[in-house]
2 protein chains.
Amino acid sequence: MLTRIEMEAYFREAAEHCLPGLSLDCVVIGFHDTQLKVLLLRWKGTDEWSLPGGFILKTESIDAAAQRVLTERTGLDSIFLHQFHVFGEASRYDEEQNWQRMGLVMKPDGTWPARTVSVGYFALVDFAQVKPSPDALTDECRWWEIATVPDLLFDHTHIVEVALNTLRTQLAWQPVGYKLLPEKFTMPDLQRLYETILGRKLDTRNFAKKISALGVVERLEERRTGGAFKSPYLYHFDRERYAQALREGSLGLG
Amino acid sequence: MLTRIEMEAYFREAAEHCLPGLSLDCVVIGFHDTQLKVLLLRWKGTDEWSLPGGFILKTESIDAAAQRVLTERTGLDSIFLHQFHVFGEASRYDEEQNWQRMGLVMKPDGTWPARTVSVGYFALVDFAQVKPSPDALTDECRWWEIATVPDLLFDHTHIVEVALNTLRTQLAWQPVGYKLLPEKFTMPDLQRLYETILGRKLDTRNFAKKISALGVVERLEERRTGGAFKSPYLYHFDRERYAQALREGSLGLG
DNA sequence: CCAAAAGTGTTTCAGATACACCCATGG
DNA sequence: CCATGGGTGTATCTGAAACACTTTTGG
């Protein structure tokens, strides 16, 4: 449980160096084991989870702040980030209940932290490269399957929903495959990824045909061995052609 | 030119009732005479133009604030608004030059107004319904053709660019026709609108065929008379089917 | 040898594109 | 009567969807 001392130090620090009333929250998305995952933090001494987020330094751009926050949480240093929405409902921080769930105590003057507007980012990361680490206010940082995410603090459940919706509708213009898959991947990997995001099955032959026709991937001699059953070929993206397909919005697939 | 008194009153007012460091700017888009137009304000006693914008009351959601700001500028009271991006570069308000262009004088302590983060909205409105009116700090409020928009204050030129790009890439999911055209319109009106946004000519027969196939419009008995040449039929949108086509993203048209 | 995933081509259909002429209207 | 934009149908092509069997591998 957070002590009053810890909480006060945290907010004093933020008030001094950061923009007032503005924060950011990141929906970090990874893909593993045919599932989309999202990175969540658990608040000290509680069972309450929230998105990784933070404040913006007075001399820092919001994009840079998001990078900084995520570098600390994931150990990665050049993360694909996309700002997707601002959450500015007057009520989003109004409820005392949320602060109590976090294990925060009231400020000495009997009030709770004031209304904050939050800028939402989604990050697309290679699951395998991330080393999740909690911060001073949280006990744990780990991946959750999208389908099993618990009820989050504040409006974070809503923020996750909006992020996923945005990802779906912008599938054609976002580097989903490029950023979520490792350097080398198999055609079934890529297909599972699209199926998961779109929420429906795709035809194997048509999928392979379309991806090949776009020329965004190159097949390697290598195969992935060690799994059960027939060993699939490995592929990697052709950086140039992938970028071009994104510009033209031809990676929507349906 | 704005006096120090006026400026001070304005910022004192804002500081007292509004969220600090946060503003919003609106790219109000209309369509007239085969051209997209944007609504701009001219600052008192200067030739400098900017987007209509404002601050967010402490108890108000950002969306509500945008509605409020635009109601005052356009005379409309239920405007289609879409939040599309947050502009949070640390440098966007840094340059004294911008404040000087606006005709603002330095604050008494020798500083300029501090960094502000701005939430960008685009509004789609029926050109004919708008009654542009300036506010206390501006002399004039009027439509500009997109192609002839002058160099705007701060990063507003950039904001307009981002708004138009967003409009183009989200064409399939935004109620562009429904909101930009009047109640009754002709097929050529609708086609010109799409051509303008997409930046290319479309085939008349194919366009009419596709729109009809989607069933989003209904042809009226009435024709538009008074123009030169053959009188075109009038149409109106089928509200239900239009909404459905938007949900399915089938109004992209190529 | 069996179970399960990987890999591969052809046919069919729908939607997109290309294309040209007559009509109505105001000046 | 003429200049200009409005209105309409068909043939063709391209890309999407439907569809099944053989191969490989570990257990």
Side-chain angles (χ1 to χ4, degrees), chain A residues 32-35 171-172 177 181 184-196 198-236 241 244-245 248-254, chain B residues 32-35 171-172 177 181 184-196 198-236 241 244-245 248-254:
Chain A
H32 185 64
D33 200 18
T34 79
Q35 293 289 328
L171 190 52
L181 294 177
K184 297 176 182 178
F185 56 91
T186 69
M187 196 58 82
D189 288 342
L190 185 58
Q191 187 178 337
R192 298 296 163 263
L193 174 57
Y194 272 89
E195 286 177 340
T196 305
L198 291 169
R200 62 193 167 87
K201 289 270 171 232
L202 300 171
D203 180 272
T204 314
R205 282 168 288 190
N206 293 337
F207 183 83
K209 208 187 313 171
K210 183 152 182 175
I211 296 291
S212 302
L214 285 170
V216 294
V217 296
E218 194 176 340
R219 189 161 92 174
L220 307 173
E221 290 305 315
E222 220 175 333
R223 285 159 179 262
R224 173 186 295 164
T225 55
F229 321 123
K230 183 171 180 177
S231 305
Y233 286 100
L234 287 167
Y235 290 78
H236 67 85
R241 281 165 169 277
Q244 190 189 338
E248 293 169 2
S250 43
L251 281 168
L253 301 178
Chain B
H32 184 64
D33 201 18
T34 80
Q35 292 290 329
L171 189 53
L181 294 177
K184 298 173 183 177
F185 56 90
T186 68
M187 196 59 81
D189 287 342
L190 185 58
Q191 187 178 336
R192 298 295 162 265
L193 174 56
Y194 272 90
E195 286 177 342
T196 305
L198 291 170
R200 62 193 168 87
K201 289 272 173 228
L202 300 172
D203 180 89
T204 313
R205 283 168 290 191
N206 295 336
F207 183 82
K209 208 187 316 170
K210 181 151 184 177
I211 296 292
S212 302
L214 285 170
V216 294
V217 297
E218 194 176 341
R219 190 162 90 175
L220 307 171
E221 291 304 315
E222 220 175 335
R223 287 157 177 264
R224 171 185 295 164
T225 55
F229 321 124
K230 183 173 181 176
S231 305
Y233 285 100
L234 287 168
Y235 291 78
H236 67 84
R241 283 167 168 277
Q244 191 190 337
E248 293 170 2
S250 43
L251 282 167
L253 301 176

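- With sequence neighbours excluded, the residues that form a salt bridge (charged side-chain N to carboxylate O under 4.0 Å, His left out) with K184(B) are E222(B).
- Atom CD of Q191(A) and atom P of dG7(C) are 11 Å apart (whole Å).
- Residues passing the salt bridge (charged side-chain N to carboxylate O under 4.0 Å, His left out) test with R205(A): none are found, sequence neighbours excluded.
- E218(A) is linked by a side-chain hydrogen bond (donor to acceptor under 3.5 Å, both in side chains) to nothing, counting only residues two or more places apart in sequence or in another chain.
- As a whole-Å value, the separation of R200(B) CZ from dA18(C) P is 10 Å.
- Atom CG of L202(A) is separated from atom P of dA6(C) by 14 Å (rounded to the nearest Å).
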Scoring nucleotides 19-27 of chain D by protein non-hydrogen atoms under 4.0 Å (B base, S sugar-phosphate only, - none) yields BB--BBBS-
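- Atom OH of Y235(B) is separated from atom P of dG6(D) by 12 Å (rounded to the nearest Å).
- Computed from coordinates, the L251(B) CG to dA16(C) C1' distance equals 16 Å when rounded to whole Å.
- Atom pair R219(A):CZ and dT8(C):P shows a separation of 5 Å (rounding to whole Å applied).
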Sequence neighbours left out, cut at 3.5 Å: what donor-acceptor pairs do the side chains of residues 225-232 of chain A make with other protein atoms?
none

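- Taking only side-chain nitrogens and oxygens, R192(A) comes nearer than 4.0 Å to OP1 or OP2 of dA6(C).
- Atom pair F207(B):CZ and dG5(D):P shows a separation of 18 Å (rounding to whole Å applied).
- The separation between D33(A) atom CG and dA5(C) atom P is 13 Å, rounded to whole Å.
- A 4.5 Å side-chain heavy-atom check between M187(A) and Y233(A) finds every atom pair outside the cut-off.
- Side-chain N/O atoms of R224(B) include none lying less than 4.0 angstrom from OP1 or OP2 on dT25(C).
- With sequence neighbours left out, the side-chain contact (heavy atoms from CB on, under 4.5 Å) criterion links T34(B) to R192(B).
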